[in-house]
Amino acid sequence: MSDTMTLYKNFEAKIAAVLAELEANGVLPEGTNLANVAVEPPRDASHGDLATNAAMVLAKPAKTNPRALAEAIAGKLIDDPTITSAEVAGPGFINLRLDAAVWLQELGVIADNADAYGRSRMGEGMRVNVEYVSANPTGPMHMGHCRGAVVGDALSSLLEFAGHDVTREYYINDAGGQVDVLARSAHLRYLEALGDDIGEIPEGLYPGDYLKPVGAYLASELGDRFKAAPEEEWLPIFRAEAVAKMMDLIKSDLAMLGIHHDEFASEAALQAAGKPEAAEAWLRDHGFVYDGVLEAPKGKAPPEDWEPVELPLFRSTQFGDDQDRPIKKSNGAWTYFGADLAYHMQKAESADALIDIWGADHAGTVKRIKAAVAALSEGQGKPVPFDVKLVQMVQLMRGGEPVKMSKRSGNFITIADMVEEVGKDVVRFTMLTRKPEAQMEFDFAKVVEASKDNPVFYVQYAHARICSNLRKALADEGITPSAANLAALGEEELALIKLAAQFPREVEAAAKAREPHRIAFYLYELASALHSFYTLGRTDTDKRFIVADNPELSAARLFLAAQLGQVIRNGLQILGVDAVEEM
RNA sequence: GGCCCCGUAGCUCAGCCGGAUAGAGCACCAGAUUCCUAAUCUGGGGGCCGCGUGUUCGAAUCACGCCGGGGUCACCA
């Protein structure tokens, strides 16, 4: 886009110009801080199209009262030919009404930009690494991973739409003890595939059936030569093979949700490259890591096997953590944290900002990793903004009753189950209709209801309705959307345009706050406005998109409808939800 | 006990980098469709924004302290 000046920004600039003029005239002191000046649509549409709090914010530095200053600002704004009224209201708000032509032009802007309408350059030149999902490669994706996956993916798309250069990254925890357990579990299934009777899966191994194909695959690839071999011979091979198979499984589960990562970073590879050692050396040199003994846990009875051991500790207490945190275990292996801080440094090498999406059950580890990243990145002269987004648990329900799951038996609800039952769009949209840090319920019975109770259908229906009308107009009347007679549109249509025109600022606000759910709520609002207008046509045929004997008005209304559909599509695209054309 | 998140209408939730009379859906009541998709729409009642103190022109929003709910407090991942 050559010109990214959106409608709202355009008027922000006009107000800023007036303020600069007042500053030149001495009404405002030189160098007045305009940071708190806001220009936004008023909450109550009857107040006008735009409102600014400039006079209230600036009255004090101007040594006058808000209403007097507001009058002065309003007096200058009204000179603008596109501003039809500038009224001072309440404690000193300035309410502006814009010429209808301004809004009608915005429809053309939507049409011209099409799929790019709402894109922003606010993130231009900024590389953001978003790490999400990062589920252990020990089994299929289950419900616990779902919300973070959707939120991380939608956030990535949102940031991209707002102009950031986004890397979607998945950290494969393929170096810890759990992948050894996976390898042993796979070996057992390998023996089973070779004809052994393995009986019950022993305690401590993964019981799920999803390892059976892995065992069969290993048996066919490797034959029986690891059947009686000692563990140290087969463990590394089985670990690598099983992890690879699990990652295939996870990728296909994610694909069902429409999620595709750009980078898969292996913890094992990170360790093999010596990254944790390098981080430790630097941290030691700068006094962030020392050898020490942790105190026994307070508050509760210490674990029975607790004993004091000297370990290399990171000084996270300097950053507000409860205690310093070990980066290595007593057996010399890296702790998760020890490897993770090196991993974050690796990500920071090719990013200007880092975002992690974690489950809320890891909230307790946020301080230490943020502290480590701060220490490392600032110490190395390149401070990297690092944000950890916590997503809360999802309680699965069915018709108001909690869904029971047993991890022991491997009987858990997988993402594949969910998507097969209710569909990708329902899963994604529902996960985005609540702010991530709030707990939510997901009721299988409710989310498939085809009603306004279900925002997915409500928004998709709005889009389908528009498409249906466009199809019908062409097929029955031969009318195509046209911007030739937009002046024929009335107040109701203008209200729709005004709402659609907010999309670019919604995108920027959501991107700035890193809250993709705002887009979902905005789309619901837009869909609601569309449905309302549509229903007017039921009793008043002059209010229809297709008006009999009035092809000019019909073409204009259809042009409006087409642009509303465009905005809905653009919003849904950010959320990763399909904009269906018929239902 | 420490730390993190949440507390807004009967229910599920928006709004929270301070702004005008606090919103939406569900549920409840009353209505709208011979005609563009009723999977929709219109109207109505319903609120100490958990409690208190502070900050200021102004607090659901910010700070502090309580209360209630959840999470978490391994050399796990």
Side-chain angles (χ1 to χ4, degrees), chain A residues 35-36 38 40 42-44 47 51 53 56-57 59-60 65-66 89-93 95 134-136 138 173 175-178 267 294 297-300 303 305-306 309 311 320-323 325-338 340 359-367 390-393 433-441 443 446 449-455 457-458 460-462 464-465 467-473 476-477 512-513 517-518 520-521 524-525 528 530-539 541 543-548 554 557-558 561 582-583:
Chain A
N36 290 326
E40 51 197 9
R43 190 185 304 171
D44 186 341
H47 289 145
N53 62 352
M56 290 184 289
V57 174
K60 193 173 277 183
N65 71 71
F93 287 102
N95 292 328
S134 297
N136 285 340
T138 55
N173 301 134
Q178 82 286 347
E267 181 185 4
L294 286 178
K298 289 177 196 164
K300 286 181 181 173
D305 55 351
W306 188 87
V309 185
L311 295 167
D321 204 354
D322 298 340
Q323 61 173 215
R325 304 291 174 174
I327 61 170
K328 270 184 179 175
K329 308 180 203 174
S330 54
N331 67 3
W334 296 101
T335 61
Y336 182 85
F337 171 60
D340 202 31
D361 52 338
H362 289 71
T365 66
V366 171
K367 276 185 180 172
L390 297 175
V391 302
Q392 285 287 341
M393 304 289 121
T433 49
R434 208 133 303 177
K435 57 182 175 183
E437 63 270 27
Q439 295 169 63
M440 74 178 290
E441 288 181 3
D443 194 312
K446 282 189 186 162
E449 272 176 29
S451 72
K452 65 188 300 184
D453 194 14
N454 185 345
F457 284 92
Y458 190 78
Q460 286 185 322
Y461 181 43
R465 259 190 163 163
C467 293
S468 162
N469 279 274
L470 293 172
R471 280 193 304 267
K472 190 172 174 57
D476 295 356
E477 316 286 338
K512 190 178 171 193
H517 73 276
R518 292 189 188 203
F521 282 96
Y524 187 86
E525 197 182 341
S528 174
L530 182 278
H531 287 311
S532 286
F533 179 76
Y534 186 88
T535 307
L536 290 178
R538 279 197 185 282
T539 46
T541 53
K543 293 286 171 62
R544 296 192 177 184
F545 286 114
I546 305 164
V547 184
S554 299
R557 288 236 176 97
L558 290 168
E582 52 190 326
M583 298 180 73

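Reminder, nothing fancy here: chain letters follow the sequence lines and each chain counts from 1.
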Seminar exercise, completed: Ranking A/S528 and A/A473 by the position along RNA chain B of their nearest nucleotide, the one closer to 5' is A/A473
Problem set entry | Pairwise P distance for B/G71 and B/G31, with rounding to whole Å | 47 Å
Exercise. Using a cut-off of 4.0 Å on non-hydrogen atoms, how would the nucleic acid contact of A/N136 be classed: base, sugar-phosphate, or nothing?
Worked result: sugar-phosphate
Problem set entry | pair A/H517-A/T433: side-chain heavy atoms closer than 4.5 Å | no
For this session: Looking at every strand, decide which applies to A/P42 at a 4.0 Å heavy-atom threshold: base, sugar-phosphate, or nothing.
Result: base
Exercise. B/C13 P sits how many Å from A/F521 CZ, rounded?
Worked result: 10 Å
For this session: Classify the nucleic acid contact of A/N469 as base, sugar-phosphate or nothing, counting any heavy atom under 4.0 Å across all strands shown.
Result: base
For this session: List the steps and the verdict of side chain to side chain contact (heavy atoms under 4.5 Å, CB included) for A/R471 and A/E582.
Result: CA-CA 10 Å; A/R471 280 193 304 267; A/E582 52 190 326; 3.6 Å; yes
Problem set entry | Aromatic ring proximity A/H531/A/Y458, centre distance under 6.0 Å | yes
Exercise. For A/T541, which contact category applies under a 4.0 Å heavy-atom criterion: base, sugar-phosphate, or nothing?
Worked result: base
Exercise. Taking only side-chain nitrogens and oxygens of A/Y458, does any of them come within less than 4.0 Å of OP1 or OP2 of B/C41?
Worked result: yes
Exercise. Given B/C57, is OP1 or OP2 found less than 4.0 Å from the side-chain N or O atoms of A/K60?
Worked result: yes
Exercise. Under 4.0 angstrom, heavy atoms only, what part of the nucleic acid is A/N95 near: base, sugar-phosphate, or nothing?
Worked result: base
Exercise. Which string of ( ) [ ] | and . matches RNA chain B, if you list each base 5' to 3' and count Watson-Crick or G-U pairs only when both distances are under 3.5 Å?
Worked result: (((((((..((((.....[...)))).(((((.......))))).....(((((..]....))))))))))))....
Exercise. When you match A/D322 and A/D44 each to their closest nucleotide on RNA chain B, which lands nearer the 5' end?
Worked result: A/D322
Exercise. Any sub-3.5 Å donor-acceptor pair from A/S468's side-chain atoms to A/A464's backbone N or O?
Worked result: no
Exercise. Closest approach of A/N95 and A/A51, non-hydrogen atoms and distance?
Worked result: OD1-CB, 3.4 Å
Exercise. What interatomic distance, in whole Å, is found between P of B/C66 and the corresponding atom of B/A77?
Worked result: 36 Å
Exercise. Shortest non-hydrogen contact from A/P455 to A/Y524?
Worked result: CB-CD1, 3.8 Å
Problem set entry | Closest nucleotide among B/C16, B/A20, B/C36 to the A/R518 side chain | B/C16
For this session: Rounded to whole angstrom, note down the C1' distance from B/G15 over to B/A22.
Result: 8 Å
Seminar exercise, completed: A/E437 CD to B/C4 C1', in whole Å, measures 12 Å
Problem set entry | Separation between the P atoms of B/U53 and B/U42, rounded to whole Å | 41 Å
For this session: Name the closest nucleotide to the A/K512 side chain, picking from B/C75, B/C17, B/A20.
Result: B/C17
Exercise. With respect to the phosphate group of B/U42, does any side-chain polar atom (N or O) of A/S532 fall under 4.0 Å of OP1 or OP2?
Worked result: yes
Exercise. Reckon A/F337 touches a base, only the sugar-phosphate, or nothing at all at heavy-atom distances under 4.0 Å?
Worked result: nothing
Problem set entry | Between B/U61 and B/A14 - C1' atom distance, rounded Å | 13 Å
Problem set entry | Presence of A/H531 side-chain N/O under 4.0 Å of B/A24 phosphate oxygens OP1/OP2 | no
For this session: Scan A/A360 against the nucleic acid and name what it touches under 4.0 Å (heavy atoms): base, sugar-phosphate only, or nothing.
Result: sugar-phosphate
Exercise. Expressed in angstrom and rounded to an integer, what is the separation of A/F545 atom CZ from B/C35 atom C1'?
Worked result: 16 Å
Problem set entry | Test side chain to side chain contact (heavy atoms under 4.5 Å, CB included) applied to A/L390 and A/E437, step by step | CA-CA 6 Å; A/L390 297 175; A/E437 63 270 27; 5.9 Å; no
Exercise. Should the heavy atoms of other residues, nucleotides or ligands under 6.0 Å from NZ of A/K329 be counted, would the total exceed 12?
Worked result: yes
For this session: Using a heavy-atom cut-off of under 4.0 Å over every strand shown, decide if A/G177 touches base, sugar-phosphate, or nothing.
Result: sugar-phosphate
For this session: Take atom CG of A/N36 and atom P of B/U56, then tell me their distance rounded to the nearest Å.
Result: 16 Å
For this session: Mind running side chain to side chain contact (heavy atoms under 4.5 Å, CB included) on A/R557 and A/F533 for me, showing each step along the way?
Result: CA-CA 11 Å; A/R557 288 236 176 97; A/F533 179 76; 3.8 Å; yes
For this session: Scan A/E582 against the nucleic acid and name what it touches under 4.0 Å (heavy atoms): base, sugar-phosphate only, or nothing.
Result: base
For this session: Write down the distance between NE2 (A/H362) and P (B/C73), rounded to a whole number of angstrom.
Result: 9 Å
Exercise. Which part of the nucleic acid, if any, lies within reach of A/A51 when heavy atoms closer than 4.0 Å are counted: base, sugar-phosphate only, or nothing?
Worked result: base
Problem set entry | Value in whole Å for how far the P atom of B/A39 lies from NZ of A/K446 | 21 Å
Exercise. Using the P atom in both, what is the distance from B/G10 to B/C51, to the nearest Å?
Worked result: 13 Å
Exercise. So what does A/Q439 touch, heavy atoms closer than 4.0 Å: a base, only the sugar-phosphate, or nothing?
Worked result: base
Exercise. Where do A/M583 and A/Q460 land on the side chain to side chain contact (heavy atoms under 4.5 Å, CB included) test, with the steps shown first?
Worked result: CA-CA 8 Å; A/M583 298 180 73; A/Q460 286 185 322; 4.2 Å; yes
Seminar exercise, completed: A/R544 atom CZ is separated from B/C35 atom P, nearest whole Å, by 9 Å
Exercise. Is A/G537 touching bases, backbone alone, or none of the nucleic acid, heavy atoms closer than 4.0 Å?
Worked result: base
For this session: Kindly confirm whether the side-chain ring of A/F93 is stacked on the base of B/A20, judged by centres under 5.5 Å and planes under 30°.
Result: yes
Exercise. Is there a donor-acceptor pair closer than 3.5 Å between any side-chain N or O of A/S554 and the backbone N or O of A/I546?
Worked result: no
For this session: Could you tell me whether A/M56 contacts a base, only the sugar-phosphate backbone, or nothing, with contacts defined as non-hydrogen atoms closer than 4.0 Å?
Result: base
Problem set entry | Selected nucleotide, minimal atom distance to A/R434 side chain, candidates B/G70, B/C75, B/U12 | B/U12
Problem set entry | C1' gap between B/C29 and B/A20, integer Å | 31 Å
For this session: State whether the side chain of A/N53 and the backbone N or O of A/A38 hold a donor-acceptor pair below 3.5 Å, judged by distance alone.
Result: yes
Problem set entry | For RNA chain B, the residues among residues 325-335 of chain A that have a non-hydrogen atom under 4.0 Å from it | A/P326, A/K329, A/S330, A/T335
Seminar exercise, completed: Here the distance between atom P of B/U37 and atom CG of A/L530, to the nearest Å, is 13 Å
For this session: Determine the sole option in A/M440, A/Q439, A/R434, A/K435 for which the side-chain contact (heavy atoms from CB on, under 4.5 Å) test with A/Q392 is passed.
Result: A/Q439
Problem set entry | Under 4.0 angstrom between A/R465 side-chain N/O and B/U37 OP1 or OP2 | no
